[in-house]
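These notes concern the structure reproduced below.
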Amino acid sequence: MLNSPLRAFHAPKHKGELGREFSFVSSDNANVIIRTLKRAEVSDEYVVRVYELSGKQEQQANLTFASTITEAVEADGTEKTLGSAAFAGNQLKVAIRPFSVKTYKVKLQVNASLSSPEGNTTDPAHKGAMALALPFNKRCFTFNEFRSEADFEGGYSYAAELRPDELTVDGVNFEFGEVDGLNGMTCKGDTLHLGDAAGERTLYLLAASNKGDRQAEFRLGKGTQSVEVPFYTGFIGQWGHDGQTEGYLKQAQVAYVGTHRHSSGQDEPYEYTYMFKLRLDIPKGVSKVILPADEHVVLFAATITDGKPETTPAGPLFRTSNRNDHAYTTMAGDNRNEAPSLLKDARIINYSGFVNENERPEMICDGDENTKWCDTNRTPNYLTFDLGSVRPVSRWHLLNAGSEMSAYITRTCILQGRSNEQEEWQTLDMIDGNRQNDVDRSFPPVSVRYVRLFVVSPTQTVNMDATRIYEFDLW
């Protein structure tokens, strides 16, 4: 009996290479049965667990595997190694006492004919694999000595010392750009050429978003394929608690995990970073793909293979108690462009101060991400806007100064509103302990005429007292 539950996949009819019958592992002693065969939790070994059923005497058995054994050890139930195990060729030699259980970990020699469709480049899904050269235009990784030189997301970057030169994910090999140069490609609607278009192929991408979870549209010939590109850091999923948090599990394949990221001044431990494996099915006759016009989608590597994956899941691969399959919000491109900010035509009627004419309060809502409002007066710093009439609002956006230095990211600020000048200010939303450079938040709709941005902690460091905000939008 294999580990349960088993996941079924649909596969088209094909000649096959394994014959009418095939066994991953078998026992030559009826009193020694195999109850579990699984991949090890923290290695590339296979775990096999056997039971003795007769209860009469110690039993000897040979477990025959589908491939040659290169290493074998005995383990306990937690897969901790206990000692060596005897093996020869593709057989593991077992000695087990009556009514007892034994667990082994074995490493098998790679055998092309036995690999799964997602597990070896000799399979039709991965034949003719070729890495594509990407026109890198963004520096996303930094070494410790040069943390301030990269800007993947508002002064943050991946830790270069953790990144391998190449990465293999389910048999697909990816080649990276220079670790200390340009090594990411922001998508701007570019055309990626795929070479010969004779048959069906598959394009695999390593990618991540530097602003929220994105919905990215790729154009292939006359059709399009949409894929979700998750944010490069944060949580992949969380439990849902009524009235507190919404449960979700991102349906994305994590290809790389970094245990920390870099900011301009320090390592940030436990701020995990990710790259995700994306798949695009390339139809016959298509020789190019037009990338999304979304600069927040960043590609790190691309590999194209001959053939098309032959298997598809027959049911959900993940089962959770979430009320829907995608509880987290995705952004279809930069939806700030879909409607103008209410602050575009608003009038600034009050402010705490500014440094010089080039950093006046008006710069915060001019639509130019290269200009900013800067106020070095003692906090709190604030700006008050008159929208001209009572308007419904439910969403706001801040672009902080992380591109200058991650320490300049606003840590705590409050969005306030009121419908007339006689009312008390009410808090519409608040960010506290913020570490994101680009903040986009929603709140329950409310109608107001006057809006105030109230900055309590303008930086990540308590002894730095200057507000620097490049853009402030409201919808």
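All values reported here derive from a predicted model rather than from experimental measurement.
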Of F276, Y274, F152, the residue whose pairing with Y232 passes ring pair (Phe, Tyr, Trp, His ring centres under 6.0 Å): F152
salt_bridge(R147, D267) N-O dist < 4.0 Å: yes
Salt bridge (charged side-chain N to carboxylate O under 4.0 Å, His left out): pairs with one or both residues in residues 45-64, sequence neighbours excluded: E45-K105
V179: partners by side-chain contact (heavy atoms from CB on, under 4.5 Å), with sequence neighbours left out: F143, A160, R163
Qualifying side chain to side chain donor-acceptor pair (under 3.5 Å) pairs, either residue in residues 22-31, two or more places apart: D28-N62, N29-Q59
Residues which pass salt bridge (Lys or Arg N to Asp or Glu O under 4.0 Å) with D44, listed by chain and number, not counting sequence neighbours: K107
Residue pairs involving residues 283-292 (criterion salt bridge (charged side-chain N to carboxylate O under 4.0 Å, His left out); sequence neighbours excluded): none
Residues, nucleotides or ligands: over 12 heavy atoms within 6.0 Å of D165 CG: no
Partners passing salt bridge (Lys or Arg N to Asp or Glu O under 4.0 Å) against R411 (at least two apart in sequence or in another chain): none
side-chain contact (heavy atoms from CB on, under 4.5 Å) against P445, all qualifying residues, sequence neighbours excluded: S394
Set of residues satisfying salt bridge (Lys or Arg N to Asp or Glu O under 4.0 Å) with respect to E79, sequence neighbours excluded: K38
Please table the atom pairs, donor to acceptor, closer than 3.5 Å between any side-chain atom in residues 130-142 and protein atoms at least two apart or in another chain.
unit_1, atom_1, unit_2, atom_2, d
N137, OD1, T186, N, 2.9
N137, OD1, T186, OG1, 3.3
N137, ND2, T186, OG1, 3.3
K138, NZ, D151, O, 3.0
R139, NH1, E149, OE1, 3.0
R139, NH2, D180, O, 3.3
T142, OG1, S157, OG, 2.7
T142, OG1, H262, ND1, 2.9

Test side-chain contact (heavy atoms from CB on, under 4.5 Å) applied to S84 - qualifying residues, sequence neighbours left out: none
Under the side chain to side chain donor-acceptor pair (under 3.5 Å) test, residues paired with E404 that sit two or more places apart: K372, Y470
Salt bridge present between E228 and K250 (N-O < 4.0 angstrom): no
Test side-chain contact (heavy atoms from CB on, under 4.5 Å) applied to V439 - qualifying residues, sequence neighbours left out: L398, N400, I431, N434, Q436, R441
Parallel, tilted or perpendicular: rings of Y158 and Y256 (30°, 60°): tilted
